[in-house]
Amino acid sequence: MNLPIYQIMNVKSAQLEDIAAILHEDLNLRRPVAYVLKTLNLDEQREVIGVIENWFETHQVSWRYPYPVFIISDFSDAIGHMPVFTDIAHLPRFYNQKDVKVTVKETQVLERNRLLQQEIKNADSHEMADVIKEYGINHKKIWYLVKEADFYEQLLKKLRAKVNG
């Protein structure tokens, strides 16, 4: 069982047949994927990004989960919906782990994750995107409220210290 670390896939050709060969339904089921388009010229990179996004849309597969799909390109900003980075080093560090031998307990956890990923794969990606977005908005609200509460606590401590001091 593999740990969920980046699977780096170098795209060497902008031909539709070559791109179709690297896209499949279980692509991001077990680990996050990063497509490196640096060997292509800028027009080909833009075209390949569009083809990859269209593939995910037409096949009703989410590039967001169970693991995200990233694109490494010379474009510094996103052309479409998928995240585009200029270098592998700029990818989120969360999945930058060393591939090590896992323990029995870790294998059991990974196996349970695999079963949960199957459930996620069978879910409607558009409906799940809305649920995840709402979940994120609620967490942001909580974060702002906690930040405000912390500010007031610090202010109260300073006022008490001034009164008692």
Side-chain angles (χ1 to χ4, degrees), residues 1-137 139-140 143:
M1 171 104 3
N2 293 330
L3 289 174
I5 58 175
Y6 289 111
Q7 177 181 3
I8 307 296
M9 301 182 81
N10 292 308
V11 179
K12 299 187 187 316
S13 169
Q15 298 296 321
L16 288 177
E17 298 82 26
D18 297 334
I19 296 169
I22 59 171
L23 294 170
H24 50 87
E25 303 251 344
D26 293 340
L27 175 71
N28 58 339
L29 184 62
R30 290 177 182 79
R31 58 190 348 184
V33 177
Y35 287 111
V36 180
L37 309 179
K38 294 280 198 168
T39 58
L40 306 174
N41 66 42
L42 286 177
D43 290 336
E44 289 175 331
Q45 288 181 20
R46 181 174 303 149
E47 182 182 327
V48 170
I49 291 171
V51 169
I52 291 172
E53 283 193 348
N54 287 338
W55 184 88
F56 278 102
E57 189 67 33
T58 57
H59 286 81
Q60 297 294 315
V61 178
S62 175
W63 54 266
R64 291 181 179 99
Y65 55 85
Y67 290 104
V69 177
F70 301 102
I71 297 174
I72 310 299
S73 172
D74 290 325
F75 292 103
S76 60
D77 53 348
I79 296 173
H81 301 291
M82 294 180 72
V84 178
F85 295 95
T86 55
D87 192 34
I88 292 176
H90 296 142
L91 288 172
R93 292 183 300 180
F94 184 76
Y95 298 111
N96 279 341
Q97 306 293 327
K98 292 183 178 174
D99 201 3
V100 295
K101 188 171 182 171
V102 294
T103 65
V104 174
K105 189 168 187 161
E106 290 169 333
T107 303
Q108 292 171 345
V109 170
L110 288 171
E111 192 61 34
R112 177 158 163 52
N113 283 348
R114 188 182 65 77
L115 292 174
L116 292 172
Q117 289 163 357
Q118 286 296 114
E119 288 180 28
I120 290 173
K121 182 182 174 215
N122 294 333
D124 179 23
S125 62
H126 295 297
E127 182 181 319
M128 288 298 292
D130 293 339
V131 170
I132 290 172
K133 186 175 182 180
E134 183 67 30
Y135 189 76
I137 289 170
H139 274 271
K140 268 189 186 164
W143 182 81

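Start at 1 with the first residue, then count along the sequence. Reckoned from all heavy atoms, side chains included, excluding hydrogens, waters and symmetry mates.
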## Note on the structure
Shortest non-hydrogen pair, P92 vs F85, comes out as CD-CZ, 4.0 Å
### Message
Once rounded to the nearest 0.5 Å, what's the spacing between atom NE2 of H24 and atom CD1 of I22?
### Response
9.0 Å
### Query
Nearest 0.5 Å, what's the OG1-CD distance between T39 and Q45?
8.0 Å
#### Entry: Pair M82-F56, side-chain contact (heavy atoms from CB on, under 4.5 Å): steps then yes or no
CA-CA 10 Å; M82 294 180 72; F56 278 102; 4.1 Å; yes
## Note on the structure
Output for pair (Y6 OH, R31 CZ), nearest 0.5 Å, gives 12.0 Å
### Task
Please name the residue in the list I72, V84, V69, N10 that meets the side-chain contact (heavy atoms from CB on, under 4.5 Å) test with Y35.
V69
### Query
So which heavy atom on Y67 is nearest to which on P32, and how close?
CB-N, 3.5 Å
### Query
Excluding sequence neighbours, so at least two apart, what forms side chain to side chain donor-acceptor pair (under 3.5 Å) with W63?
none
### Message
Determine whether a donor-acceptor pair (N or O, by modelled atom type, separation under 3.5 Å) exists between the side chain of D87 and the backbone of H90.
### Response
no
### Task
List in chain and number order the residues that pass side chain to side chain contact (heavy atoms under 4.5 Å, CB included) with L16, two or more places apart in sequence or in another chain; answer none if no residue qualifies.
V51
### Nearest non-hydrogen partners of E47 and A14, listed with the distance
OE2-O, 4.1 Å
### Query
Does K38 have any salt bridge (charged side-chain N to carboxylate O under 4.0 Å, His left out) partners at least two apart in sequence or in another chain, and if so, which?
D74
## Note on the structure
Interatomic distance, CD1@I19 vs CG@N54, rounded to 0.5 Å, equals 10.5 Å
### Query
Looking at residues at least two apart in the chain, or sitting in another chain, which of them share a side chain to side chain donor-acceptor pair (under 3.5 Å) with Y95?
none
### Contacts of T103 that satisfy side chain to side chain donor-acceptor pair (under 3.5 Å) - sequence neighbours left out
E106
### Message
Within this structure, what is the CD-CD1 distance for the pair E53 and I49, rounded to the nearest 0.5 Å?
### Response
7.5 Å
### Summary
Applying side chain to side chain contact (heavy atoms under 4.5 Å, CB included) to Q15 and not counting sequence neighbours gives S13, E17, D18
#### Entry: M9 and L27: CA distance, side-chain angles, deciding distance, side-chain contact (heavy atoms from CB on, under 4.5 Å) verdict
CA-CA 11 Å; M9 301 182 81; L27 175 71; 4.2 Å; yes
## Note on the structure
Rounded to the nearest 0.5 Å, the CZ atom of R64 sits from the CG atom of N28 at a distance of 11.5 Å
